[in-house]
Structures are given as structure tokens and as C-alpha cells.
Amino acid sequence: MLPPPGPIPRHVAIIMDGNGRWASERRLPRPFGHRAGMKAVREAVEGAIDAGVEVLTLFAFSDENWNRPAPEISALMDLLEEYIAREVAELRDQGVRVHVLGDRTRLTPGGRAAVERVERETAAGEKLSLNLCISYSSRGEIARAARLLAEEVLKGTKKLEDIDEEAIRSQLYTAPWGDPDLLIRTSGEQRLSNFLLWQLAYTELYITPVLWPDFNRRTLRDAILDYQRRDRRFGKVTAS
Ligand code: FPP
């Protein structure tokens, strides 16, 4: 598929939602929806590469998701390990560099090992940065940034008056990649669900009724075409 003609969002973030509903519509247990969702992740990655997106940040598992029933949590963690085992070679060949953002101390030892492996084995990728947010919450991320800065002040390596927006930004997990240009949320829900609250200040939002397992590169293309019609002003007025 040809890339959409026009400015391409450098950084796209996605709230992948609707796996459960996709499964219930088919009278299947929820983990089947997550498994189908794993295929959609591949579509999103390949679509992003085709379109020329440089950074793709996916919300795969929130801090709040730890409150789901234990069998669903373990199905999701198993899927994550399976995704990494199955895709790592292809991701590397495609020039994708994977990073995992979030509190990885809560993962199982196997999950942590898988995450470290995919980060290590894709470290040379230069085409697309793929950030998987796992055990992630935005408020937790901001609180962590505040803690890290407070530690520096206590140690005397930073002055209180140096704590400004740039200082906070530099301590967020996303610091190396900057803010998303476009946020896509599937399944029609109109909320941010504790995802990238700081980073989305001026991001264009695109909400589609498509359930995540049905997401494909065409859905991504539609989102980018819609983005290209937006007038991004960042709080200023358009030059005339
Ligand atoms: C939201 O759907 C989706 C999740 C909580 C998990 C997302 C996981 C995947 C897409 C699969 C694995 C991911 C990777 C990176 C391999 P939901 O369960 O909240 O759906 P519902 O709102 O319809 O119940």
C-alpha cells in the first residue's frame, strides 16, 4: 500500500481496546480476543513502517489491568512472551527497535527475561521504534519522574529552581522519542485511560469504532489521512 500522500505523523500512539468485546461477539473466552489482538499488533507495525512512521507506542497492559482475573492476566503475559519469541527475528530484520516502558519489576522472571531479550536483540533497529507500554500508568510515570527529580535535589545534583517542564519531560519513560503526533483509540471509547497524560497535551486524537483485533494497516492509513486534514496550532493562531 502506498504511504498516505501528505505529512506523516512521526510518532503514533495507540490504545488497543476491544479485544474482550471482539471475543464475546463470537462467544469465545476473552483470551481469544487478546490472541487475535496480537495479529493486529503485527499489522500496526507493518503499516507504520510502510507509512514512514518513526515511533509507534502501544498500550499493551496497564497498571490497572493487574486487577483483572488471574487467568486473564496470565493469558496476557503468556501472549506477550509468545509474541516476543515469535516475532523477535522478524522485528530485527524489519529494522524495528523495541523498548518496553513501565514497571517491569511486576513482571514474572520469564516475562522480564523476554523483555530484556527483545530489547537487546533489536537494539540495532533504525527504521521504527516500537514502544510497548506494559505494567504502565501515566500517573505512575509522572510520580516516578517527580521522585527521580526529588532525589537529585536531595543529592544536590539539581537545584529546586531547575525543576521545570523540561526537567519533568526528561524523566518520563518516553523522553527519547518526544510526544505523539497522533493518538488512535480503537473500540469507540472516548477516554485516555491513564495513558501518556503529559505527552498527549497537543496530540491529535483519532477514535475509531473498529475493535482492536480487526485493526489493520488500512485502519492506520485512514487515521493518518484524517490526521492530515487537521490544523495543528499548538495553542497559537494559524499564520495567514
Ligand atoms: C484491551 O482490550 C486490550 C488489552 C487489555 C490488552 C492488549 C493486548 C494485546 C493487543 C495482545 C498482546 C499484545 C502484544 C504487544 C503482544 P479489552 O480486554 O479491555 O477489551 P474490552 O474493552 O472489549 O473488554
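Whatever order the structure lists ligands and atoms in, that order sets their numbers, starting from 1. Please read all numbers here as calculations on a predicted model, not as lab measurements.
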(request) Would you mind reporting whether D17 and R185 have side-chain heavy atoms less than 4.5 Å apart? (result) yes

(request) May I ask you to identify, for L58, whether its side chain, its backbone, both or neither come under 4.0 Å of ligand 1 on a heavy-atom basis? (result) neither

Give a yes/no on ligand 1: does [X] have at least one heavy atom closer than 4.0 angstrom to it?
X   : value
R30 : yes
R68 : yes
G18 : yes

Should [X] and [Y] count as an ion pair when the cut-off is N to O under 4.0 Å?
X    : Y    : value
R229 : E204 : no
R21  : E189 : yes
R144 : E141 : no
E90  : R42  : yes

I need the atoms of ligand 1 closer than 4.0 Å to a non-hydrogen atom of [X], numbered in the order shown.
X    : value
N65  : 5 (C)
R21  : 21 (P), 22 (O), 23 (O)
W212 : 10 (C)
G20  : 17 (P), 18 (O), 20 (O), 21 (P), 23 (O), 24 (O)

(message) For atom 15 (C) of ligand 1, which of the options I15, I14, L132, L211 provides the nearest non-hydrogen atom?
(response)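 Looking at heavy atoms only, L132 sits closest to atom 15 (C) of ligand 1.
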
(message) Regarding atom 16 (C) of ligand 1: of the candidates Y83, F61, F59, which has the closest heavy atom?
(response)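 Answer by nearest heavy atom: Y83.
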
(request) Evaluate side chain to side chain donor-acceptor pair (under 3.5 Å) for Q199 paired with H11, printing each intermediate quantity in order. (result) CA-CA 11 Å; Q199 297 89 333; H11 183 172; over 6 Å; no

(message) Ignoring hydrogens and geometry beyond distance, is a side-chain donor-acceptor pair present between T219 and D222 at under 3.5 Å?
(response) no

(request) Identify, for atom 9 (C) of ligand 1, the protein heavy atom at the shortest distance, and state residue, atom and that distance. (result) N19 ND2, 3.7 Å

(request) Quick one: look up the protein heavy atom nearest atom 14 (C) of ligand 1 and list residue, atom name and how far away it is. (result) V41 CG2, 4.1 Å

(message) Does R26 qualify as a cation-pi partner of W22, given the criterion of NZ or CZ under 6.0 Å from the six-membered ring centre and within 45 degrees of its axis?
(response) yes

